[in-house]
Peer 1: 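Below: one structure in structure tokens.
All figures in this text were calculated on a predicted structure; none of them were measured in a lab. Chain letters run A, B, ... following the sequence lines, proteins first and then strands; every chain starts at 1.
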Protein chains: 2
Amino acid sequence: MGFDDLAAVLRSRGLRLTAPRQLVLESVYRLRHATPDQIHADVSERAAGVNITTVYRTLELLEDLQLVTHAHLSHGAPTYHPLGEHQHAHLVCRGCGDVQELPSPTLEGLAEDLRTTRGFRLDIGHVALFGVCGKCGTEEE
Amino acid sequence: MGFDDLAAVLRSRGLRLTAPRQLVLESVYRLRHATPDQIHADVSERAAGVNITTVYRTLELLEDLQLVTHAHLSHGAPTYHPLGEHQHAHLVCRGCGDVQELPSPTLEGLAEDLRTTRGFRLDIGHVALFGVCGKCGTEEE
DNA sequence: CTTAGTGCAAAGGCTTTGCAGGCTA
DNA sequence: TAGCCTGCAAAGCCTTTGCACTAAG
């Protein structure tokens, strides 16, 4: 899914398959919800010399190719994740920073509501819900 | 609401009431969902010489005092808004960048769902929903 | 008077851009 | 071979920090 397509998608656009591009895509799949910096670190563990600049450029490209997408889950950097078969929203815990995936059906009702009442078409993959997860909630009290 | 409290809240903490603090709070109320930069511009229209640094520091303070809060609604800078009586989530249009407020009752169902099924306590005020608004959606097609 | 608050300038993250050399196709 | 990609360095945002002066209480 997406991953094997890389060569084909690139070729169909007249673009080239390179080591950095494979490595970055691989890291996005492995890490799930990682920042450009984290992806760069992960790539660097397996291949020296890949520049952070290239990671940024590659992420932009992969996003353009619809192989990955990003969401703003926290204060700073955006996090990238595979754009796979199952859309999902994100549940971000303010306590431990943990990111859970929330299957899109959970939001279908809301999406439908917004569409009919406001004509707003919700992009579920980009949704970030902040709060406190069960674990942190109990520790807190 | 909150606004008149400024002096009192500050005093109760041994902090001082100053012109920049009043101006910044005023701008947050007037602009709703503005970035530090936009707030700075708005403040500057009414009083010259207030430094952007002070805007940042003041926003942090006001947030600490629970008079304003912020959310990450877009790519770059966070947007600040009054922490008033009515909680609300945000509907952000990817097309025109417009931010609509979404009254919290719309999300109560979802919040309840997340709480019971996952123990996740949703912070409705921080929720940002991305998508395409009615206006941009029709233009697009 | 005391010391919190401010402006100014510089430093710090993260991200983007320019350019010349390297490598895919 | 042609020109897409990459690394490197520098420039660009946005935000924070350090410091001395100003002003609230």
Side-chain angles (χ1 to χ4, degrees), chain A residues 6-28 33-44 46-65 67-80 97, chain B residues 6-28 33-44 46-65 67-80 97:
Chain A
L6 181 57
V9 178
L10 287 173
R11 198 162 30 234
S12 75
R13 289 232 203 168
L15 301 174
R16 296 173 185 172
L17 179 62
T18 64
R21 289 179 176 172
Q22 297 180 72
L23 289 164
V24 168
L25 182 56
E26 222 174 291
S27 287
V28 171
H33 313 114
T35 62
D37 198 54
Q38 294 170 323
I39 292 167
H40 178 235
D42 188 62
V43 167
S44 297
R46 281 170 298 145
V50 176
N51 197 282
I52 181 84
T53 299
T54 299
V55 172
Y56 277 104
R57 286 195 277 231
T58 302
L59 287 171
E60 191 181 344
L61 172 69
L62 294 177
E63 191 153 24
D64 196 46
L65 297 177
L67 294 176
V68 311
T69 186
H70 77 271
H72 296 276
L73 302 186
S74 56
H75 179 71
T79 64
Y80 286 79
Chain B
L6 182 57
V9 177
L10 288 172
R11 198 162 30 237
S12 75
R13 288 233 203 165
L15 301 174
R16 295 171 187 174
L17 180 62
T18 65
R21 289 178 176 172
Q22 296 181 73
L23 289 163
V24 168
L25 183 56
E26 222 173 291
S27 288
V28 171
H33 313 116
T35 62
D37 197 55
Q38 293 170 322
I39 292 167
H40 178 235
D42 188 63
V43 167
S44 296
R46 281 170 298 144
V50 176
N51 196 281
I52 180 82
T53 300
T54 300
V55 172
Y56 277 103
R57 286 194 278 232
T58 303
L59 287 171
E60 191 183 345
L61 172 69
L62 294 177
E63 191 153 25
D64 195 47
L65 297 177
L67 294 176
V68 310
T69 185
H70 77 272
H72 296 277
L73 302 186
S74 57
H75 180 71
T79 64
Y80 286 78

Peer 1: Could you tell me if the side chain of A/R21 sits less than 4.5 Å from the side chain of A/L10, heavy atoms only?
Peer 2: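 With C-beta onward as the side chain, the pair touches.
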
Peer 1: Checking side chain to side chain contact (heavy atoms under 4.5 Å, CB included) against B/V55, which of B/L59, B/T53, B/N51 comes through?
Peer 2: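 Of B/L59, B/T53, B/N51, side chain to side chain contact (heavy atoms under 4.5 Å, CB included) with B/V55 is met by B/L59 alone.
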
Peer 1: I'd like to know if the side chain of B/T58 and the backbone of B/T54 have a donor-acceptor N/O pair within less than 3.5 Å.
Peer 2: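 Side chain of B/T58 to backbone of B/T54, a donor-acceptor pair under 3.5 Å: yes, one is there.
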
Peer 1: Please tabulate, one pair per line, each protein N/O and nucleotide N/O from nucleotides 23-25 of chain D that are separated by under 3.5 Å, including the distance.
Peer 2:
{"residue": "D/dA24", "atom": "N3", "partner": "B/R16", "partner atom": "NH1", "Å": "3.3"}
{"residue": "D/dG25", "atom": "OP1", "partner": "B/L17", "partner atom": "N", "Å": "2.8"}

Peer 1: Of all the choices, C/dT17, D/dT15, C/dT6, which nucleotide is nearest to the side chain of B/R21 once you look at every atom?
Peer 2: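 Taking heavy atoms from C-beta onward, the closest nucleotide is C/dT6.
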
Peer 1: Looking at DNA chain C, which of residues 56-65 of chain B put a heavy atom within less than 4.0 Å of it?
Peer 2: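 Only B/R57 qualify.
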
Peer 1: Between B/R13 (CZ) and C/dG5 (C1'), how many Å, whole number?
Peer 2: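 Rounding to the nearest Å, CZ of B/R13 and C1' of C/dG5 are 16 Å apart.
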
Peer 1: What is the distance, to the nearest angstrom, from the NE2 atom on A/H40 to the P atom on C/dG13?
Peer 2: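 Going from A/H40 (NE2) to C/dG13 (P), I get 17 Å.
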
Peer 1: Counting C-beta onward and ignoring hydrogens, is there a side-chain heavy-atom pair between A/R46 and A/S27 closer than 4.5 Å?
Peer 2: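 Yes - at least one pair of side-chain heavy atoms lies under 4.5 Å apart.
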
Peer 1: Taking the nucleotide of DNA chain C with the nearest heavy atom to each, does B/P20 or A/T53 sit closer to the 5' end?
Peer 2: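 Upstream on the strand: B/P20.
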
Peer 1: Quick check: does any side chain N or O of A/H70 sit under 3.5 Å from a backbone N or O of A/H33, one acting as donor and the other as acceptor?
Peer 2: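 No; zero donor-acceptor contacts below 3.5 Å.
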
Peer 1: Let me know the distance between CG of B/D37 and P of D/dT15, rounded to the nearest Å.
Peer 2: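 From B/D37 CG to D/dT15 P: 8 Å.
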
Peer 1: Check whether any side-chain nitrogen or oxygen of B/N51 sits under 4.0 Å from OP1 or OP2 of C/dT6, and answer yes or no.
Peer 2: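 Indeed not, no polar side-chain atom of B/N51 lies that close.
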
Peer 1: What I'd like to find out is whether the side chain of A/L65 reaches to under 4.5 Å of the side chain of A/E60, using heavy atoms alone.
Peer 2: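 A side-chain contact is absent here, since even the closest heavy-atom pair is not under 4.5 Å.
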
Peer 1: Nearest-Å distance, CG (A/L23) to C1' (D/dG7)?
Peer 2: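 Whole-Å distance recorded here is 15 Å.
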
Peer 1: Test your reading of the model: is there a side-chain donor-acceptor pair from A/Q38 to the backbone of A/T35, 3.5 Å cut-off?
Peer 2: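 Checking the backbone N and O of A/T35 against the side chain of A/Q38, a donor-acceptor pair under 3.5 Å is found.
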
Peer 1: Got more than 12 heavy atoms from elsewhere within 6.0 Å of CD, A/E63?
Peer 2: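 Atom CD in A/E63 is crowded, with more than 12 foreign heavy atoms closer than 6.0 Å.
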
Peer 1: A/I52 CD1 to D/dA10 P: how many Å, rounded?
Peer 2: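 From A/I52 CD1 to D/dA10 P: 18 Å.
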
Peer 1: For a quick test of reading the model: is some side-chain N or O of B/T54 closer than 4.0 Å to OP1 or OP2 of C/dT6?
Peer 2: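 Result: no.
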
Peer 1: Measure CG/B/L10 against P/C/dG5 and give the value in whole Å, please.
Peer 2: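 One finds 8 Å between P of C/dG5 and CG of B/L10, rounded.
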
Peer 1: Do B/R11 and B/R16 make a side-chain contact, defined as non-hydrogen atoms from C-beta onward lying under 4.5 Å apart?
Peer 2: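 No, too far: nothing below the 4.5 Å cut-off.
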
